[in-house]
Amino acid sequence: MSDLHIYNTLTRKKEKFEPITEGFVGMYVCGPTVYSDPHLGHAKSYVSFDVINRYFRYLGYKVRYVQNITDVGHLTDDADQGEDKLQKQARLEQLEPMEIAEKYTYKYFKEMDQLNILRPDISPRASGHITEQIQMVEQLIEKDHAYVADGNVYFDVTSDEEYGKLSGRDLEEQEAGVRVETAEDKRHPSDFALWKKADEGHIMKWPSPWSLGYPGWHIECSVMSTKYLGENFDIHGGGIDNQFPHHECEIAQSENAHDQPFANYWMHNNMVTLNGQKMGKSLGNAISLHEFFSGDHELLNESWEPEVIRFFLLQSHYRSPTDFSEEALSAARSGLKNLHQIVKTIDDAEDGEGEPFDLESCRSDIESRLNDDFNTAQAIGQIFEHLRPLRSQIEDGNIPSNIDEVKAFIRAMIDDVFGLWPSKSGGDEELTNSLVEILLEIRSEARENKNFELADKIRDDLESLGVKVMDKPGGTKFRIDN
RNA sequence: GGCGACGUGGCCGAGGGGCUAGGCAGAGGACUGCAAAUCCUCGUACGGCGGUUCGAAUCCGCCCGUCGCCUCCA
């Protein structure tokens, strides 16, 4: 597959990607509601879209990647009832809602940074776009797609004959199955809030033509995507759990307000489970990313490096569910370590005069997998497939004549696209290397004198410091693992 | 109850009518003072029962099981 194809949730098919403007990609991905610690689900979603973002750039597209920060309007309860999530957390932590937003926004970025996720080009806050949200609600009222009821404004789903097209639902069936109480001032149970009047005690509220209140959850994404990407843009992504109602509502609002298609391609990543179970606070298995990184949770036996989690996620497809277990992570950790060693051997090779490496077939085998709806799992398979023999060739001293070109490609793919380049070792690298070499010289002498006791002691002691010693045919080599 | 996805060798995980995925773990061998590392070789797997077909893990039906959405979640 030489052209990039994307599975579009809207059409339930893989489609060739054709940008609205040649050479440019506008991508909006639903960001976090910043009221608690980031967890594995965030990791899966944002690692997936990170590689998508990176691959577009690799292909030469100029990407504008927008990801919102939801800091208002997301209610704890269903059917447009209940408390604002941030306000509730603020009460629990005895902080201002905006302190909660800032605190968890910082945490979010910090942990996404650790996962080596490139930051979005724009991270707009919902609370910073209240004016625009009010304007859009006004537009919808003018066009008779929304109505005011006692200071609340609801979107009228019956005014949109396409409502349900993303999630494949129809309104009549929905009604029968509705098992949540709905706000009594709605005309139709599936109508959703565009603006809510603030209850007494509600802290985050703004004046509007209808009431002192706050925006509904869905409207922020419609507004911010449009503001930064236009009324019609290329890609809208997010977790599959947001397909309904969130994304369905976004489409309804945007297309009825603007009378044109909203996003051309809808992409949804699948969910994460932990030991086969959905994560949830009530199940006691909600482990935050921070806890994974530190190992500080009763369900964890050890800590897991962000890079291992990233690699593990990329070994499955973004549209498949991912089950986390320490056994699976452990296998991923070994695999990643091997990949790092392979890459390092290649990257250290210089001045080749041997048979050239078949870079074109390597490149096309990897790219074709990514072009097929970003199949990172297969692409990683191809990386191993091509790079293992290359390492062998190099270790045999037969360094390919096109080694520089090969190195550039590997860096572009593994570092720039996958974000899995070997981690940088700290300073003093040269000194450490020299010291280890001195020890190994002593060890060589000991071995020549058949003083294996001393030789093995040096090796064991170095090993306990994370320095692996390997006696290869061409001489002793070492590797520092940390 | 409605909608949808999935069930692949010891584990993870792609694929998807006949053609090697890959990773981890494991076995044997080469190499080694012993190791480690590396290299070579090895698994004939697709939930169950039927059906379609020359041929099914891949298509169809039923059943079993898991998961998700329908309610906040990425």
Side-chain angles (χ1 to χ4, degrees), chain A residues 12 29-33 35-36 38-49 67 74-83 85 164 167-170 172-182 190 217 237-246 268-273 276-281 286 311-312 315-325 327-339 341-342 345 369 372 375-385 388-389 391-392 395-396 447 450-452 455-456 459-460 463 468-473 476-479:
Chain A
R12 275 149 250 268
V29 173
C30 283
T33 301
Y35 72 105
S36 65
H39 52 68
L40 285 175
H42 295 108
K44 164 129 180 151
S45 188
Y46 300 124
V47 166
S48 300
F49 285 104
Q67 190 188 98
H74 209 158
L75 304 182
T76 55
D77 212 336
D78 45 33
D80 301 320
Q81 311 275 12
E83 196 174 5
K85 288 190 164 193
S167 51
R169 280 156 221 266
D170 81 48
E172 317 224 334
E173 279 175 14
Q174 284 300 297
E175 255 184 293
V178 166
R179 58 179 170 83
V180 293
E181 285 179 45
T182 52
S190 295
W217 171 39
I240 197 171
D241 51 332
N242 274 334
Q243 184 183 347
F244 188 89
H246 186 52
H268 291 98
N269 64 275
N270 217 311
M271 308 297 282
V272 161
T273 53
Q277 259 197 323
K278 180 180 172 159
M279 289 190 305
K281 282 179 182 151
F311 180 68
F312 176 64
Q315 274 191 303
S316 67
H317 189 86
Y318 75 91
R319 282 193 288 115
S320 300
T322 301
D323 183 47
F324 274 80
S325 64
E327 194 185 0
L329 281 172
S330 175
R333 180 165 58 194
S334 301
L336 177 63
K337 198 168 147 191
N338 278 331
L339 178 65
Q341 283 161 22
I342 292 169
T345 302
R369 301 318 198 278
D372 182 10
N375 196 328
T376 54
Q378 280 223 353
I380 288 172
Q382 288 302 314
I383 288 173
F384 276 100
E385 191 94 320
R388 275 215 147 106
R391 169 177 60 183
S392 275
E395 290 199 326
D396 290 345
R447 290 176 73 211
K450 306 262 188 244
N451 184 353
F452 295 121
D456 288 351
R459 184 173 64 193
D460 293 345
E463 179 121 24
K468 187 148 275 179
V469 177
M470 298 159 288
D471 296 324
K472 299 197 179 188
T476 300
K477 299 262 172 66
F478 69 94
R479 190 177 70 223

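The chains referred to below are lettered A, B, ... by the order of the sequence lines, with proteins before strands, and numbering in each begins at 1. Computation of the quantities below employed the complete heavy-atom set of this structure, encompassing side-chain atoms and omitting hydrogens, waters and symmetry-equivalent molecules.
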### Query
Can you find a heavy atom in the side chain of A:I240 that is under 4.5 Å from one in the side chain of A:M271?
yes
### Task
Please measure how far the C1' atom in B:A14 lies from the corresponding atom in B:U71, and state the result in whole Å.
34 Å
### Query
Mind checking the C1' distance from B:A25 to B:A57? Whole angstroms is fine.
24 Å
### Query
In the 5'-to-3' direction, what one-character label does each nucleotide of nucleotides 33-44 of chain B receive under the scheme B = base within less than 4.0 Å of a protein heavy atom, S = sugar-phosphate only, - = no such atom?
BBBBSSS-----
### Task
Kindly indicate whether the side chain of A:Q67, heavy atoms from C-beta on, has any atom under 4.5 Å from the side chain of A:Y46.
yes
### Task
Starting from P on B:C70, measure out to CD1 on A:I240 and report it in whole angstrom.
11 Å
### Query
Under 4.0 angstrom, heavy atoms only, what part of the nucleic acid is A:G335 near: base, sugar-phosphate, or nothing?
sugar-phosphate
### Task
Measure the acute angle between the ring planes of A:H39 and A:H42, then classify it against the limits of 30° and 60° as parallel, tilted or perpendicular.
tilted
### Task
Using a heavy-atom cut-off of under 4.0 Å over every strand shown, decide if A:G237 touches base, sugar-phosphate, or nothing.
nothing
### Gap between atoms CZ and P, on A:R333 and B:A25 respectively (whole Å)
11 Å
### Summary
What one should report as the nearest heavy-atom pair of A:S167 and A:R12 is C-NH2, 4.1 Å
### Task
Determine the minimum heavy-atom distance between A:T322 and A:S316, stating which atoms define it.
OG1-OG, 3.3 Å
### Residues in side-chain hydrogen bond (donor to acceptor under 3.5 Å, both in side chains) contact with A:Q315, at least two apart in sequence or another chain
none
### Query
Expressed as a whole number of Å, how far does the P atom of B:U41 sit from that of B:G22?
12 Å
#### Entry: Any A:R169 side-chain heavy atom under 4.5 Å of A:P245 side chain
no
### Message
On RNA chain B, compare the nucleotides closest to A:H42 and A:E385; which residue's is nearer the 5' end?
### Response
A:E385
### Task
Quick one: closest heavy-atom pair of A:L339 and A:F384, and the distance?
CB-CZ, 3.9 Å
### Query
Roughly how many Å is it from CZ in A:F244 to P in B:A74, rounded to a whole number?
17 Å
#### Entry: Distance, P atom - from B:C49 to B:U8, rounded to whole angstrom
16 Å
#### Entry: d(CG, A:N242; P, B:U71) in whole Å
13 Å
### Query
Please, what dot-bracket string fits RNA chain B when only Watson-Crick and G-U pairs with both distances under 3.5 Å count, crossing ones use [ ] and pairs to another strand use |?
(((((((..(((.....[...))).(((((.......)))))....(((((..]....))))))))))))....
### Message
Rounded to the nearest 0.5 Å, what separates atom CG in A:N242 from atom CG in A:N269?
### Response
9.5 Å
### Query
So do A:R319 and A:S48 actually touch side chain to side chain, heavy atoms under 4.5 Å?
no
### ring-ring contact (aromatic ring centres under 6.0 Å, His included) against A:F324, all qualifying residues, sequence neighbours excluded
A:F312
#### Entry: Same-atom distance (P) from B:C19 to B:U32, integer angstrom
41 Å
### Message
Between P on B:U32 and NZ on A:K477, what's the gap in Å once rounded to a whole number?
### Response
16 Å
### Task
For the side chain of A:H39, starting at C-beta, report the closest nucleotide among B:C67, B:C70, B:A74.
B:A74
## Note on the structure
Its contact letters, B for base, S for sugar-phosphate only and - for none at protein heavy atoms under 4.0 Å, make nucleotides 10-17 of chain B read -SSSSS--
### Message
Under the rule for side-chain hydrogen bond (donor to acceptor under 3.5 Å, both in side chains), what residues qualify as partners of A:Q378, not counting sequence neighbours?
### Response
A:R369
### Task
For A:R169 and B:C3, give me the distance from atom CZ to atom C1', rounded to whole Å.
6 Å
### Query
How far, in whole Å, is B:C6 from B:G61 if one measures between their P atoms?
14 Å
### Task
Could you work out the separation of B:G48 and B:C40 based on their P atoms and round it to a whole Å?
34 Å
### Summary
Taken to the nearest whole Å, NZ/A:K44 to P/B:C67 is 17 Å
### Query
If you measure from the P atom in B:A21 to the same atom in B:G47, how many Å do you get, rounded?
16 Å
### Query
Taking NE2 from A:H246 and C1' from B:C70, how many angstroms apart are they, rounded to a whole number?
17 Å
### Query
Between A:S45 and A:G238, what is the shortest heavy-atom contact and its length?
OG-C, 4.4 Å
### Task
Pick base, sugar-phosphate or nothing for A:Y46, based on heavy-atom distances below 4.0 Å to the nucleic acid.
sugar-phosphate
